[in-house]
Amino acid sequence: MGPTRLRYTMIGFILGVFLVYMKELPLGEGTRFAAPFYGAGIGLLIDGIILRMKQRKGKEE
């Protein structure tokens, strides 16, 4: 795992942890407790999109 991939994963995980403690949100309990893992997955997806964009930009030049 590269440093950027880990960075986006941890940012997503931390944002998901904040969702766990926000009791006012209209989320189910299962969704709330799974939010850190959803956030980590979204972070990985965002990192993959950014890497693809950089690779395409490098090929065009």
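Applying the side chain to side chain contact (heavy atoms under 4.5 Å, CB included) criterion to Ile50, with sequence neighbours excluded, gives Tyr8, Ile46, Lys54.
Other cluster members for Met53: Ile49, joined by side-chain heavy-atom distances under 4.5 Å among Ile, Leu, Val, Met, Phe, Trp and Tyr.
Applying the 6.0 Å contact sphere to CZ of Phe37 captures no more than 12 heavy atoms from other residues, nucleotides or ligands.
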Donor-acceptor contacts under 3.5 Å from residues 12-24 side chains, at least two apart:
none

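The distance from the CD1 atom of Ile42 to the CG atom of Asp47 is 14.0 Å, given to the nearest 0.5 Å.
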